[in-house]
Amino acid sequence: MSQDSGEKLVKLTIDGREVQARSGDTVLEVARQMGIEIPALCYHPVLGGAGACRVCMVEIVAWGRRRMVASCVYPAREGLEVYTNTQKVLTARRAVISMLLAKAPAAKAVQELAERYGVTEPAYEPKDPQGRCILCGQCVRTCNELIKAGAVYFTYRGQERKVGTPYDAESAQCIGCGACQNLCPTGNIRIRDKAECRAVLTWNTDLAWQMCSRCGQRYLPARLVEHLRKSLPAGAELLEVCPRCRREGTAEDFARASVTAEQSSKL
Amino acid sequence: MSTVATAKLASLEELEALRSSIRVEQQKTQTTVALCCGTGCQAYGSGRLIEVFAEALAKEGLEDSVRVRATGCHGFCERGPLVVIHPKGTFYQRVGPDDVGEIVAKTVKQGELIERLLYVDPQTKEKAQTEEQVGFYKHQHRLVFGNNGAIDPKSIRDYLAVGGYAGLAKALSELKPDELIEQITESGLRGRGGGGFLTGRKWRSCREAEGEPKYVLCNGDEGDPGAFMDRSIMEGNPHSVLEGMVIGAYAIGSNHGYIYVRAEYPLAVENLGIAIRQAEELGLLGEDILGTGFDFEIRINRGAGAFVCGESTALMASIEGKIGDPRAKYIHTTDVGLFGKPSNLNNVETWANVPLIVNRGAEWFSSMGTEKSKGTKVFSLVGKINNTGLVEVPMGVSLRDIIYKVGGGIPDGRKFKAVQIGGPSGGCIPESLLDTPVDFEQLTELGAMMGSGGLIVMDEDTCVVDIARYFMNFLCEEACGKCTPCREGTKIMLDILGRICQGKGEAEDMDKLEALGEQVQLTSLCGLGTSAANPVLSTLQYFREEYETHVKDKRCPAGVCRQLITFSVTPEACTSCAMCVKACPVEAISGGTRKGKGKDRVRVPALIDQDKCIKCRACHEACKFDAVVIS
């Protein structure tokens with residue numbers, strides 16, 4: 001996340017390689033641009049990092065002090081030294097991965113990390129063998145910051161913490177856009193498109209379809225169309241029809257226009 | 001009650017004029033009965049005493065010449081309700097409604113002492129007539145708490161009478177913001193909330209940060225088990241906090257302040273609210289303070305009872321109306337804080353120190369304490385200690401002096417075992433290190449921390465594994481759950497500790513705890529997580545053999561862990577008084593009575609049925625002859 005309004009260039013070293021970066025960039029972003037892989041589960045290029053999953057820990061030396069930080073939220077600074085692969089980093093990363101493996105044993109992204117870092121045992125006996133949620137909060141941030149629908153949030157705290165709608169009830173805010181499903185790194189969010197509705201199973205919410213005014217086919221959840229109409233007032237009329245009909249309609253308009261142009265040139 | 005001038009003070013001269021007039025008026029009252037109405041004394045019934053005193057004085061026709069002042073906490077909660085009669089300063093303790101008539105008739109009217117209400121030193125057996133003669137107070141240095149016994153927290157006039165808002169007047173009239181920051185920096189004042197960051201430096205960062213508006217915040221979300229010093233300042237001297245905040249706001253260049261108080265402190269919320277209203281009425285808060293053109297408003301935000309909201313970023317999220325989750329502080333809150341704006345957060349005690357420093361100077365303040373820790377620190381002294389209460393001592397005093405000189409040692413002739421300093425995130429310090437001076441760096445070096453100043457004293461009947469489990473349970477329940485290591489790691493540690501206490505510990509458990517504790521320390525997001533392992537790591541460091549006894553011998557030397565102990569009766573010591581039989585809630589004890597008649601009457605010693613016993617300790621506590629033993 002960029003905090004500095006006036007972005008200046010800073011010089012830092014990552015694993016001994018000197019690099020120039022914008023001061024607003026995070027260490028994780030700079031490292032990835034250099035081709036240095038740091039795992040991160042709560043980071044997304046669009047959302048930035050949350051500093052929550054803690055698998056992106058690296059060692060830094062800043063102002064003469066050596067310490068561990070979460071690279072997804074640590075800003076690039078002049079003179080910073082970063083070490084992404086020390087024994088200390090690897091030990092910490094393994095410890096965190098083994099905890100995530102216990103929390104979400106069925107999450108593919110976690111399984112892959114465990115394999116890459118040689119973690120064979122979960123930190124404790126998993127409570128839910130089918131668990132996939134690692135509480136990275138990407139769905140929460142997507143829904144609230146990006147889409148601004150405000151349908152899901154964290155509920156409860158500590159070990160009991162989870163993501164969901166208030167009281168796990170059917171949400172009046174969810175627009176069924178599916179952005180949360182797209183950004184979830186562990187595939188925890190399930191959405192099924194049925195004939196009568198789009199069922200967002202994870203959020204206990206069914207959304208009625210909007211029918212295309214031209215072909216009469218379903219194309220988007222009605223609430224999503226409404227949401228788009230509010231946020232994109234300029235193109236509101238385009239939302240009446242499904243994408244296919246819109247394409248066809250545009251093509252017809254073109255065809256009609258060229259016929260008219262031909263006729264007028266003949267006159 | 002006296003008449004109140006509510007006109008806004010338009011200048012410093014008007015403030016001083018009002019102060020003089022209040023002093024003249026208060027001097028008319030010869031005698032004042034200061035009645036502690038802090039939360040501790042209220043629990044002992046001091047609220048009722050106010051009325052009883054008023055009635056008794058009225059009966060003697062003294063209602064106009066004697067003032068009953070309901071003050072904030074005096075600190076010596078163990079001996080409440082406390083009553084101090086001025087001008088002599090006669091100190092009475094454990095005062096009940098039945099004593100009031102006699103106090104008015106003898107002490108107030110004739111200056112006579114009532115012997116039975118005086119405090120008797122348990123060691124020297126000497127009677128103390130005034131607070132200064134009481135060991136508990138004698139070894140303290142009360143600055144922040146100095147006025148708690150002298151003012152009614154609901155009266156701004158009382159605060160003005162003891163010199164209140166003189167620091168603000170001085171700051172606004174004599175000092176430029178930069179000079180003020182310089183003075184606070186030079187004084188060496190450091191954050192009393194636990195971090196110990198240099199207050200002046202924090203103010204400087206916030207002043208120099210770009211962005212408007214700037215916020216000045218007060219952290220009154222004291223959540224450590226057993227800690228109640230901030231509470232007593234907010235309840236007992238709320239204006240000192242406000243005055244400190246206004247001075248800070250002037251130095252930083254802020255016009256908006258928030259006090260974040262836990263909703264579990266209703267009296268603090270009430271008294272702060274009254275204080276804000278009174279200060280606004282007198283033009284000491286709000287627009288155009290003392291006619292200087294400086295504006296500053298303060299709002300109170302009530303916390304909803306999450307421990308983590310005492311963490312700065314979680315506190316700010318909570319004020320913003322969001323869930324109290326912390327965030328990374330790699331960009332300081334002095335740059336990007338509340339509502340994304342530069343914010344300066346200090347703890348209650350820190351703010352209350354500010355007027356003192358402005359009044360008396362940086363040099364005076366830095367003359368107290370150690371090289372790097374200046375001034376005094378308030379501790380709440382609780383646990384297995386004779387003098388439970390709030391104590392204020394200069395930095396650098398040894399823990400031994402706090403526990404033995406001020407605290408009066410361990411009750412019932414028990415042996416000291418450890419002291420937990422710094423709350424649930426602090427550490428357990430053993431007897432061998434009691435001479436350590438109280439100082440930010442020294443305590444951190446020992447694996448503990450200053451924290452907000454909770455001191456929990458434990459005697460030989462306390463099991464350190466059980467204590468570590470208790471604190472881990474607290475942190476596990478209070479963890480927000482945002483970051484993986486704190487959420488999962490505290491639970492894993494808690495499970496291991498629980499297992500050890502149940503006698504199911506394994507040989508490698510100690511190493512596991514250490515390794516895990518280190519990782520939680522290194523990788524957690526906020527201070528709650530990075531310090532969560534402290535109680536476990538410090539007890540492992542200083543009391544490892546006790547862990548080993550639990551794991552290897554399946555024995556709890558302190559006799560606390562239920563699964564590892566049995567209760568039995570020594571027949572020779574049993575007098576068959578049947579107290580244990582009555583105390584047992586599950587009827588596991590038979591015998592304990594006398595049988596037969598006349599010459600044949602024999603004593604049948606009590607016998608505990610181990611299958612029925614739930615190990616609740618009731619019999620052990622009921623027995624007056626030490627016949628019920630734990631093994």
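Below, read A as the first sequence line, B as the second, and so on, with proteins coming before strands; counting in each chain starts at 1.
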Participant: Using side chain to side chain contact (heavy atoms under 4.5 Å, CB included), reason through Arg161(A) and Asp325(B) one step at a time and then give a plain yes or no.
Facilitator: CA-CA 12 Å; Arg161(A) 187 175 169 109; Asp325(B) 280 351; 2.8 Å; yes
Participant: For the pair Arg94(A) and Gln519(B), evaluate side chain to side chain contact (heavy atoms under 4.5 Å, CB included) and give the outcome as yes or no after the intermediate values.
Facilitator: CA-CA 10 Å; Arg94(A) 284 191 191 112; Gln519(B) 291 311 320; over 6 Å; no
Participant: Could you walk me through whether Arg157(A) and Glu478(B) pass the salt bridge (charged side-chain N to carboxylate O under 4.0 Å, His left out) check?
Facilitator: CA-CA 8 Å; Arg157(A) 70 178 180 212; Glu478(B) 291 295 341; 3.2 Å; yes
Participant: Could you tell me the separation between the CD atom of Glu488(B) and the CD1 atom of Ile134(A), rounded to the nearest 0.5 Å?
Facilitator: 10.5 Å
Participant: Using non-hydrogen atoms only, which part of Ala95(A) is less than 4.5 Å away from chain B: side chain, backbone, both, or neither?
Facilitator: side chain
Participant: Let me know if Ala306(B) has heavy atoms under 4.5 Å from chain A in its side chain, its backbone, both or neither.
Facilitator: both
Participant: Which bit of Arg487(B) comes within less than 4.5 Å of chain A, counting heavy atoms only: side chain, backbone, both or neither?
Facilitator: both
Participant: Val55(A) versus chain B, heavy atoms under 4.5 Å apart: side chain, backbone, both or neither?
Facilitator: neither
Participant: Please check if the number of heavy atoms outside Gln20(A) that lie under 6.0 Å from its CD is greater than 12.
Facilitator: yes
Participant: Is the number of heavy atoms from other residues, nucleotides or ligands within 6.0 Å of NZ (Lys504(B)) greater than 12?
Facilitator: no
Participant: Any idea which heavy atoms bring Tyr330(B) and Pro75(A) closest together, and the distance?
Facilitator: CB-CD, 3.8 Å
Participant: Check this for me: Phe339(B), atom CZ, are more than 12 non-hydrogen atoms of other residues, nucleotides or ligands nearer than 6.0 Å?
Facilitator: yes
Participant: Are Ile323(B) and Tyr153(A) side-chain neighbours, meaning at least one heavy-atom pair lies under 4.5 Å?
Facilitator: yes
Participant: For Cys483(B) and Gly51(A), work out which heavy atoms get closest and say how close.
Facilitator: CB-O, 4.4 Å
Participant: Counting only heavy atoms not in Arg201(B), do more than 12 fall under 6.0 Å of its CZ?
Facilitator: no
Participant: Mark yes when over 12 heavy atoms from residues, nucleotides or ligands other than Arg499(B) sit less than 6.0 Å from its CZ; otherwise mark no.
Facilitator: yes
Participant: Using non-hydrogen atoms only, which part of Leu475(B) is less than 4.5 Å away from chain A: side chain, backbone, both, or neither?
Facilitator: neither
Participant: Heavy atoms only: give me the nearest Pro485(B)-Arg54(A) pair and the separation to one decimal.
Facilitator: CD-CG, 3.3 Å
Participant: Please classify the contact between Thr490(B) and chain A as side chain, backbone, both or neither, with a heavy-atom cut-off of under 4.5 Å.
Facilitator: neither
Participant: Counting only heavy atoms not in Glu170(A) (residues, nucleotides, ligands), do more than 12 fall under 6.0 Å from its CD?
Facilitator: yes
Participant: Against chain B, work out which of Arg93(A), Glu160(A), Arg77(A) has the most heavy-atom pairs shorter than 4.5 Å and name it.
Facilitator: Arg77(A)
Participant: Taking every heavy-atom pair that is under 4.5 Å apart, which of Lys103(A), Arg67(A), Met68(A) has the most such pairs with chain B?
Facilitator: Lys103(A)
Participant: Verify side chain to side chain contact (heavy atoms under 4.5 Å, CB included) between Met99(A) and Ile492(B), making sure each step is shown before the conclusion.
Facilitator: CA-CA 9 Å; Met99(A) 291 177 195; Ile492(B) 303 171; 4.3 Å; yes
Participant: Tell me, out of Cys480(B), Ala479(B), Ala328(B), who's got the most heavy-atom pairs with chain A below 4.5 Å.
Facilitator: Cys480(B)
Participant: Should we say atom CD of Glu371(B) is surrounded by more than 12 heavy atoms from elsewhere, each under 6.0 Å from it?
Facilitator: no
Participant: Can you tell me which of Ala123(A), Ala92(A), Gly137(A) forms the most heavy-atom pairs within a distance under 4.5 Å of chain B?
Facilitator: Ala92(A)
Participant: Please flag which part of Phe154(A) lies under 4.5 Å from any non-hydrogen atom of chain B: side chain, backbone, both or neither.
Facilitator: both
Participant: Strictly distance-based, threshold 3.5 Å: is any side-chain N or O of Thr484(B) a donor or acceptor partner for the main-chain N or O of Cys53(A)?
Facilitator: yes
